[in-house]
Each structure stands twice: as C-alpha cells, then as structure tokens.
Amino acid sequence: MVNASADLAGVRLPRAPKWTLTGGFTIKKELSSDWQFQLSANARYTTNYDFYPAALGPLQFARQKAYALVNMSADIRKNLGNGDRAFSIGVYANNVTDTRYFYQKNTQATFGLSDIVAEPIGYGVRTSITF
C-alpha cells in the first residue's frame with residue numbers, strides 16, 4: 001500500500017484549460033445560377049491543461065502544452081432542379097498545421113509513462129447528393 005498526499009488548492013480541474021478560443025469563416029460564391037463554391041476554415045486554440053490533478057506528481061508528465069488546430073474545406077455544389085436537390089463534391093483537411101497533441105498522458109507505477117497521440121494531418125474527398 002502506498003500513501004501519498006498533495007495540496008491541490010488553486011489547481012484547475014483536469015482537462016480544464018484556462019483559455020479556449022475558437023473562430024472560423026465560410027465564404028460562399030455563386031459561380032452561376034446553379035453552381036456554388038464554398039470555402040470554410042475554423043481554428044481552435046487551447047492553453048495548457050493537466051490530464052489529472054497536479055499532472056500526476058513531480059514529473060508533470062500528464063500535462064498537455066498549449067496548441068492550436070486548423071481545419072479547412074472547399075466544396076463545389078450543383079443545384080439539380082426544384083427545391084434543395086443538389087450534388088456536391090469537395091476536399092477537406094483536418095489539423096492542417098500537423099500539430100502534435102495528445103488524447104491522453106499517464107504515469108503508472110507498473111507501466112511507467114504512456115501517452116496516446118491525437119491524429120496528425122488528415123485529408124480527403126467527400127461527395128453528397130440531396131434529393
């Protein structure tokens with residue numbers, strides 16, 4: 001049995017950054033009476049935070065440094081007639097700046113230090129049809 005104590009007075013709750021800022025924009029452009037282009041971007045900045053109270057002790061391993069994420073997409077849409085009928089095709093990129101951040105960081109007596117890295121840059125093509 002291991003006994004430990006820590007004074008956590010004034011310590012923020014786990015996974016609670018001091019600041020989180022978000023912003024984004026969407027630009028739509030009519031190319032013709034039945035074609036439309038759309039460009040979107042959003043960003044999120046998060047200050048550092050601890051995964052567990054006091055970042056799990058003196059190593060401070062279970063701490064996420066401040067980071068920013070940027071996601072972008074571009075789509076072209078063709079109206080197919082009456083109402084909301086349309087076809088669209090587009091591209092997207094998540095984590096455009098390939099920021100390295102973590103889903104989890106942990107310190108365990110049995111297994112040592114462990115972490116789970118979040119997704120790196122990801123991109124793809126998407127399509128949809130509405131009728």
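One-based numbering along the sequence shown.
- In the model, Q64 has no side-chain atom that pairs as donor or acceptor with a side-chain atom of Y103 under 3.5 Å.
- In summary, the side chains of T46 and R44 do present a donor paired with an acceptor at a separation below 3.5 Å, with no hydrogens or angles considered.
- Residue R77 holds its CZ atom at 9.0 Å from CD of Q38, rounded to the nearest 0.5 Å.
- Its side chain within the 4.5 Å cluster rule, M72 clusters with V70, V96 among the Ile, Leu, Val, Met, Phe, Trp and Tyr residues.
- Heavy-atom minimum distance, A62 versus Y52: CB-CD1, 4.0 Å.
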> Please walk me through it: do F61 and D115 pass side-chain contact (heavy atoms from CB on, under 4.5 Å)?
Replying inline: CA-CA 9 Å; F61 179 75; D115 58 36; 3.9 Å; yes
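- Although no hydrogens or angles enter the test, the distance criterion places a donor-acceptor pair under 3.5 Å between the side chain of N71 and the main chain of N95.
- Under a hydrophobic-cluster definition in which Ile, Leu, Val, Met, Phe, Trp and Tyr are linked whenever side-chain heavy atoms come within less than 4.5 Å, directly or via other members, I89 and W35 are assigned to the same cluster.
- With hydrogens and angles ignored, the 3.5 Å screen pairs a side-chain donor or acceptor of T127 with a backbone N or O of S88.
- Atom CZ of R15 has more than 12 neighbouring heavy atoms from other residues, nucleotides or ligands inside a 6.0 Å radius.
- Y92 and I129 fall into different hydrophobic clusters, where Ile, Leu, Val, Met, Phe, Trp and Tyr side chains are chained together by heavy-atom contacts under 4.5 Å.
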> So F102 and R63, side-chain contact (heavy atoms from CB on, under 4.5 Å) or not? Walk me through it.
Replying inline: CA-CA 9 Å; F102 297 88; R63 176 167 287 151; over 6 Å; no
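- Checked by atom type and distance alone, the side chain of D84 never pairs as donor or acceptor with a backbone atom of T130 at under 3.5 Å.
- Environment of CZ in F25: crowded, with over 12 heavy atoms of neighbouring residues, nucleotides or ligands closer than 6.0 Å.
- Annotation: the span from R100 atom CZ to E119 atom CD amounts to 13.0 Å, rounded to 0.5 Å.
- In the hydrophobic cluster analysis, where Ile, Leu, Val, Met, Phe, Trp and Tyr join through side-chain heavy atoms closer than 4.5 angstrom, Y101 is grouped apart from Y45.
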> How far apart are the C-alpha atoms of F37 and I27, what are their side-chain angles, what is the distance that settles it, and do they pass the side-chain contact (heavy atoms from CB on, under 4.5 Å) test?
Replying inline: CA-CA 8 Å; F37 174 76; I27 298 171; over 6 Å; no
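- The two residues D75 and G90 make their nearest non-hydrogen contact at OD1-CA, 3.3 Å.
- A distance of 7.0 Å separates CG in L69 from OG1 in T97, rounded to the nearest 0.5 Å.
- With hydrogens and angles ignored, the 3.5 Å screen pairs a side-chain donor or acceptor of T99 with a backbone N or O of A68.
- Heavy-atom neighbours of Y123 OH from other residues, nucleotides or ligands within 6.0 Å: at or below the threshold of 12.
- Atom-to-atom distance recorded for T47:OG1 and Y67:OH is 10.0 Å, nearest 0.5 angstrom.
- For the pair F87/L80, a side-chain contact is recorded, criterion being any heavy-atom separation below 4.5 Å from C-beta on.
- Both L39 and L31 sit in one connected hydrophobic cluster of ILVMFWY residues. Membership requires side-chain heavy atoms under 4.5 Å apart, directly or through other members.
- A donor-acceptor contact shorter than 3.5 Å links the side chain of D98 to the backbone of I121.
- Pairs passing the side chain to side chain donor-acceptor pair (under 3.5 Å) check and including a residue from residues 20-29, sequence neighbours excluded, read T26-S40.
- Residues V117 and F51 share a single hydrophobic cluster, defined by chaining ILVMFWY side chains whose heavy atoms lie under 4.5 Å apart.
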